[in-house]
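Got a structure for you, written out below as structure tokens; questions coming shortly.
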There are 2 protein chains.
Amino acid sequence: MTVATNGVHKSKPSALPLVQKLSKDHDLVLKTFRLLIADLCQQFSGGHPGGAIGMAAIGVSLWKYVMRYAPHTPDFFNRDRFVLSNGHTCLFQYSFLHLTGYKAMTFDQLKSYHSDRVDALCPGHPEIEHEGIEVTTGPLGQGIANAVGLAMATKNLAATYNRPGYDVVDNHTWCMIGDACLQEGVGLEAISLAGHLRLNNLTVIYDNNQITCDGSVDLTNTEDVNAKMRASGWDVIDVEDGCFDIEGIVRALERGRAAQDKPTFINVRTVIGLDSHVAGTAVAHGAAFGTKSVADMKTLYGFNPEEHFVIGETVRQFFQNLPARGEQWVQEWNQLVADYTAQYPELGAEFQARVKGELPANWEQYIPKSFPEKPTATRASSGLVFNPIAKECKNFMVGTADLSPSVNMIWPGKVDFQHPDLMTTCGINGNYSGRYIHYGVREHAMCAISNGMAAYARNTIIPITSSFFMFYLYAAPAVRMGALQHLQVIHAATHDSIGMGEDGPTHQPIELAALYRAMPNLLYIRPGDSEETAGAWIAAIGAKKTSSIISTSRQTLPQLSQTRRDGVAHGAYVLSEDESATVTLLGVGAELSFALEVADKLKAERGITARVVSFPCQRLFEQQSLEYKRDTLRRHRGIPAVVIEPYAPNGWERYADAGICIKRFGHSLPGKAAYKFFGYDIDTLTSKVAGYLDQLKGDELLRNEFVEL
Amino acid sequence: MTVATNGVHKSKPSALPLVQKLSKDHDLVLKTFRLLIADLCQQFSGGHPGGAIGMAAIGVSLWKYVMRYAPHTPDFFNRDRFVLSNGHTCLFQYSFLHLTGYKAMTFDQLKSYHSDRVDALCPGHPEIEHEGIEVTTGPLGQGIANAVGLAMATKNLAATYNRPGYDVVDNHTWCMIGDACLQEGVGLEAISLAGHLRLNNLTVIYDNNQITCDGSVDLTNTEDVNAKMRASGWDVIDVEDGCFDIEGIVRALERGRAAQDKPTFINVRTVIGLDSHVAGTAVAHGAAFGTKSVADMKTLYGFNPEEHFVIGETVRQFFQNLPARGEQWVQEWNQLVADYTAQYPELGAEFQARVKGELPANWEQYIPKSFPEKPTATRASSGLVFNPIAKECKNFMVGTADLSPSVNMIWPGKVDFQHPDLMTTCGINGNYSGRYIHYGVREHAMCAISNGMAAYARNTIIPITSSFFMFYLYAAPAVRMGALQHLQVIHAATHDSIGMGEDGPTHQPIELAALYRAMPNLLYIRPGDSEETAGAWIAAIGAKKTSSIISTSRQTLPQLSQTRRDGVAHGAYVLSEDESATVTLLGVGAELSFALEVADKLKAERGITARVVSFPCQRLFEQQSLEYKRDTLRRHRGIPAVVIEPYAPNGWERYADAGICIKRFGHSLPGKAAYKFFGYDIDTLTSKVAGYLDQLKGDELLRNEFVEL
């Protein structure tokens, strides 16, 4: 229940003072937990025991004393978020989920770790699909960046919806890290941005056991971590005895929650694999200890070495109150939201729609019905299509990796997402309700942070990222994690193809599309003009459980009369049909108009009739019926298809018999000259298609082979 | 000429004391340089003028006073290396190359910047192929990591070959950066490692103009950069007036060269686009100033606004001595090496072979002629094949991103590459002549640094990196830059395919091979057993201008009697032939044995005769003759080919009619269970192949389509 004070509803949940909370059962709880981990790894002789054992006291502090969550309502909207960025220590989290009463995590399930049970809830790294897991982690450095995104989501929602006395969103984000998150670039990028944004609702807990796979962390890192974190704008707290000092850890965590204007970094010294025979060594990291060592631990702890998976009644009771406490918080919050909605009906309704992950029903109406006929770069088309939506729909948080002038994602009246004090300290205008994010030159963190915002609650926030397409190679591990987690994140990528010109081969994405066309659950869409760009955004916004890349041109493109936004939804569609056609040209994105021009020229100069298919998205096309696919391509009628795209051909062999593609890196030339250099002028393209048709007549075997023209 | 002091040959080149060197012509030189940049961008109304103009005084300090180089012998082995990590300011470097007398960089060539001249030496970012350019930069953060690699190369060569009085390698590495290198993760990883390694032969010069594309750097970065660098183990020097204070800059640079045990970070305050109408703003970054503004600058500087590209005689003379000075250094070094070789004949001969990029002629003999018949993981095979070579051939610098226990790249007696003092400070054993590098959990920097080591001199050092294959997505931008620069870097990637098991979908590389098979100038090789692993290493070591990924299994694989190391060189080759075969099975890497087993089962249980092709590398296969390709695949004879690989099928459509592939993300299960879960058991595979052959009989149209089984 909310606490009424002078008639003002307070959002702070009921809590007991710290001194009363600390228990005498800690020693037994810690021993039980550590033996449980050792047993769970020993069972199938595999897994990562050392870190989880070292972090036991941190876990007790978090789940028993500090974190606000509800085991029986795992999706409680205002719960604290916990991210295990050192995901290989997943048994740490699974075991606490079990002990604190998450219903799905039964004892049987817990024991499925490293088993061959297909429906196990204990995979090798935490997975977002399972109860109590906020994000999938494992690839190191991702989790800490996700945590920054989760904290930003809280900040934005709080600044947007909270009203005096009604803090409907005020959860804290806790993130556990190991050494790797302080070494991986994506982690360092995220740390830097979190300091800049002064995310006081984020606490990172460093499991400082000084051990990595290769041995002592001194092998590779001898920097002053605390000084570095302070220089990055973080508050730093040391905990010396992280294996046992629950009171000290709790005090540090509470200081993290109460932080004023900085994120908090708690440097906790622990011992990996404590009390095992490999304690404090790299061997404790990624292998079971062996039956003898586990038995020795039990003897040392006064447990029966013959018994396994022992969780005594005292320990069960220690965690027993947590589901009820959680339900109390849930009820208090439900009441708070009800009161808030009564007080602010419109805002309350909007907030509740956001909680459910709903977009305003009319979002599609903001897209222009038609576009100017003048040549337009599709990066500009993206702005024409999307900015009106972004302006009206608060779900969208739009960011860029320092390419605002290039990506055209600024809507009239946009406000930056910034700490409001930045105005006084350095004249930067913005606040936490702002929805335009300057990520800096940090593509990887941009996308990993966006995953975190998207994971805060399904579709409550739909993050948009933007950069040059080539730089999505920097961000690829995070783009992948978004797709893998079924998060709706939309990446607005400009400067695709060699048409981007002068920046040269380092910026010309020859092979990158092959990655994204192969990546599961990701739509890679190359629209050919403004109309198709509208189709691309409609597809991406409609894909609630899928990430998308909308890949646009730097250079202006002609507006084509034949394109259709609903055609994009099919992945490929016929632009220009002719029953007598002897060849199909597949046109894509920035080069779509080339296909149409080549068709005209083939007809006019050589009497060859070509049909033209626009092919913006392979994955959407794959989802169509076999009949639709055959009707679109007509290869089953013996009509050869030729794709025109200045990318590596890999993957087009499925749809085309020949390709005018590129298998080398690009060349630094102005866009038009680059096209010419690689033979993408209409004369050369036309000759190549005609030449191929001649070649086919002479060598029927070629029909079995993909031919590069 | 070397200077004899007490009979000891000193390597330090002749130099005048600083006070005598500083000139009164600086003002004119700086003005001329700045106008030249403005004109070069105005000419084609494009490019990046602002940074180059702001950095003018830094350039004068470097090229006139501090750097050791030889314009007429650009490849002088012991030259200082200069890396322009903020590569978009390339005109800065091009202009100094022209002014200091590099022969290729004629005035005409300089003026080709942003032209459509195909053979221009002034691409949009510096490119390694051109005289005076050490590495190709552009994608931000790469250059600073390359610089760390260049400095490490010097350290290793110096520690290996220098003898008292004979410092045959003692060059310094200078790296210019902008804000982005302090924001990009790969830069931060490299900075951290450079501090740890105490690379006192590396100086990074920060063009601190406080401006990025989006505007003030305060939009995204408000950290204490100097404090962060100090915490990372760097010496920090501030230069307040970086636009004019050449003396101050020179003093800072000289301090960098004389550094004792830390790399040096010089924080130079500059003004972007100084004296243009957009000075100090983001607009100065990436666009020409406009004719009026350029004319105004000229008027302000007392130049004729009607004249363009003016380099007066005084300025020409200012730089005139540099080629001769360079040749003197070259001669001194040549003499030093001659004396050294006389004194140490064996070492001298070895050093000179290294300078030429030669491997010991007998390197291939270290590879075992045969391998144990017991099942072996190909990651272990990699060790069996390569570690004997690494032990004997000093060219190889072998590193790992904290996965030493997994990658098996440690040879007997290997010594770590570390600062020798680490032994006393934290008990870490190693020295700079060591060739095993602990990179920490920094995959991206590992590969970017390796590019730098490889770029030091062609094949003098051949860097090996190692990690899980999936983490080469983190490193992909650097792997790409290696391939793009034709650098020989070999990436030993283990845990490929779902067979790696429990680590789950975040670690199972479903789509990653599609990227690397599409990436130009990169060999992605999946060997199927030890014999093929030998073939993979032979191919990679033989590819002097190409990067390679050798992709190996975590799990043990049977040793196959049919495999041949020389077969790998062809990309694909027939393992099991049968003239009566009605289907070809394409087997790959860890699943190669599946193809053989399926063929046996098809024959035994269904009377279907299958031939089997091993297909470890698509790119090597592409390089074969059409005849070889047809004979290997036999699709031209109407025999359908089925590929078996638990990866996304993208790209296999070129070689196969059907595929047993995976189009979703993986699943966390033990390796064998994961194979079973996805249908990669012999029974299921056999049924699928047989079913496909049946299906083909019923629907001839399927021959035109790639079928997923």
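Source: prediction; values computed, not measured. When reading the values below, keep in mind they use all heavy atoms of this one structure, side chains included, and skip hydrogens, waters and symmetry mates. To find a chain, count down the sequence lines: A is the first, B the second, and so on, and within it residues start at 1.
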Discussion item. Can you confirm whether Val118(B) sits close enough to His667(A) that some side-chain heavy atom of one is under 4.5 Å from a side-chain heavy atom of the other?
Written reply: yes
Practice prompt. Could you tell me which portion of His88(B) (side chain, backbone, both or neither) has an atom closer than 4.5 angstrom to a non-hydrogen atom of chain A?
Written response: neither
Worksheet entry | Close side-chain approach of Glu189(A) and Glu184(B), heavy atoms under 4.5 Å | yes
Practice prompt. Give, as side chain, backbone, both or neither, the part of Glu127(B) having an atom under 4.5 angstrom from any heavy atom of chain A.
Written response: side chain
Discussion item. Under a 4.5 Å cutoff for heavy-atom pairs, which residue among Gly195(B), Ala514(B), Cys213(B), Gly651(B) has the most contacts with chain A?
Written reply: Cys213(B)
Item to complete: Answer with side chain, backbone, both or neither: which region of Pro509(B) has an atom nearer than 4.5 Å to a non-hydrogen atom of chain A?
Response: backbone
Worksheet item: Of the backbone (N, CA, C, O) and the side chain (C-beta and beyond), which part of Leu422(A) lies under 4.5 Å from a heavy atom of chain B, both, or neither?
Response: side chain
Discussion item. I need the residue from Ile510(A), Leu403(A), Val186(A), Asn521(A) with the largest number of non-hydrogen atom pairs under 4.5 Å to chain B.
Written reply: Leu403(A)
Worksheet item: Given the rule in the side chain to side chain contact (heavy atoms under 4.5 Å, CB included) test, do His48(B) and Asp503(A) qualify, once you have shown the distances and angles that lead to the verdict?
Response: CA-CA 10 Å; His48(B) 290 85; Asp503(A) 277 334; 4.2 Å; yes
Discussion item. Less than 4.5 Å to any heavy atom of chain A: does that hold for the side chain of Asp657(B), its backbone, both, or neither?
Written reply: neither
Response to the item:
chain A shares the most heavy-atom pairs under 4.5 Å, among Thr222(B), Asn429(B), Asp179(B), with Thr222(B)
Item to complete: Taking only Lys NZ, Arg NE, NH1 and NH2, and the carboxylate oxygens of Asp or Glu, determine whether Lys629(A) and Glu705(B) approach each other closer than 4.0 Å.
Response: no
Worksheet item: With chain A, which of Ser192(B), Ala190(B), Ala227(B) has the greatest number of heavy-atom pairs at distances under 4.5 Å?
Response: Ser192(B)
Fill in: Ala231(B), part contacting chain A, at a heavy-atom distance under 4.5 Å
both
Worksheet item: Do you know which of Tyr474(B), Phe706(B), Trp652(B) has the most heavy-atom pairs with chain A at a distance under 4.5 angstrom?
Response: Tyr474(B)
Worksheet item: Between Phe665(B) and chain A, which part of the residue has a heavy atom less than 4.5 Å away: side chain, backbone, both or neither?
Response: both
Practice prompt. Counting only heavy atoms closer than 4.5 Å, note whether Ile428(B) contacts chain A via side chain, backbone, both or neither.
Written response: side chain
Worksheet item: Do the non-hydrogen side-chain atoms of Pro649(B) and Arg654(A) ever get within less than 4.5 Å of each other?
Response: yes
Response to the item:
Under 4.5 Å to a heavy atom of chain B? For Gln418(A) that would be side chain
Response to the item:
Applying a strict 4.5 Å limit to non-hydrogen atoms, the region of Thr425(B) in contact with chain A is neither
Worksheet item: Any idea which of Arg517(B), Gln618(B), Lys672(B) has the most non-hydrogen atom pairs under 4.5 angstrom with chain A?
Response: Arg517(B)
Worksheet item: Should Thr506(B) and Thr136(A) be marked as a side chain to side chain contact (heavy atoms under 4.5 Å, CB included) after you check the CA-CA gap, both sets of side-chain angles, and the distance that decides it?
Response: CA-CA 8 Å; Thr506(B) 59; Thr136(A) 300; 3.5 Å; yes
Worksheet item: Which distance, rounded to the nearest 0.5 Å, do you find between the CZ of Arg619(B) and the NZ of Lys663(A)?
Response: 6.5 Å
Worksheet entry | Residue Phe471(B) versus chain A: region with a heavy atom under 4.5 Å | side chain
Practice prompt. Search all heavy atoms of Leu702(B) against all heavy atoms of Arg630(A) and return the closest pair with its distance.
Written response: CD2-NH2, 3.9 Å
Worksheet item: Heavy atoms, side chains only, cut-off 4.5 Å: are Pro405(A) and Asp214(B) in contact?
Response: yes
Worksheet item: At a heavy-atom separation under 4.5 Å, does Arg480(B) approach chain A through its side chain, its backbone, both, or neither?
Response: both
Worksheet item: So which of His444(A), Lys676(A), Glu443(A), Arg230(A) has the largest heavy-atom pair count under 4.5 angstrom toward chain B?
Response: Glu443(A)
Discussion item. Is His438(A) close to chain B through its backbone or its side chain, or both, or neither, when contacts mean heavy atoms under 4.5 Å?
Written reply: both
Practice prompt. Identify which of Ala673(A), Ala282(A), Gly440(A), Gly504(A) forms the greatest number of heavy-atom pairs closer than 4.5 Å to chain B.
Written response: Gly440(A)
Worksheet entry | Winner by heavy-atom pair count (cut-off under 4.5 Å) against chain B, out of Gly124(A), Cys181(A), Gly427(A) | Gly124(A)
Fill in: Heavy-atom proximity to chain A below 4.5 Å, by part of Met229(B)
neither
Worksheet item: So do Arg442(A) and Thr220(B) actually touch side chain to side chain, heavy atoms under 4.5 Å?
Response: yes
Fill in: Within-4.5 Å side-chain heavy-atom neighbours: Leu219(A) and Asp402(B)
no
Practice prompt. Measure the shortest side-chain to side-chain distance between Arg637(B) and Asn704(A) over non-hydrogen atoms and say whether it is less than 4.5 angstrom.
Written response: no
Worksheet item: So, for His507(B) and His125(A), is the gap between ring centers shorter than 6.0 Å?
Response: yes
Worksheet entry | Atom group of Ala478(B) that falls short of 4.5 Å from chain A, counting heavy atoms | neither
Worksheet item: If you count heavy-atom pairs under 4.5 Å with chain B, which of Ala513(A), Gly501(A), Gly47(A), Ser115(A) comes out on top?
Response: Ser115(A)
Fill in: Proximal component of Gln210(B), with respect to chain A [non-hydrogen, under 4.5 Å]
neither
Discussion item. Between Pro505(A), Cys90(A), Gly138(A), who has the most heavy-atom pairs with chain B when the cutoff is under 4.5 Å?
Written reply: Pro505(A)
Worksheet entry | Which portion of Gln485(B) sits near chain A, non-hydrogen atoms under 4.5 angstrom | neither
Discussion item. Between Arg703(B) and Arg703(A), is there a side-chain heavy-atom distance shorter than 4.5 Å?
Written reply: no
Discussion item. If I compare all heavy atoms of Val441(B) with all of Gln183(A), which pair ends up nearest, and what's the gap?
Written reply: N-OE1, 2.7 Å
Worksheet item: Measuring from Ser668(A):OG to Arg117(B):CZ, what's the distance to the nearest 0.5 Å?
Response: 13.0 Å
Worksheet item: Quick one: what part of Tyr655(A) sits under 4.5 Å from any heavy atom of chain B, side chain, backbone, both or neither?
Response: neither
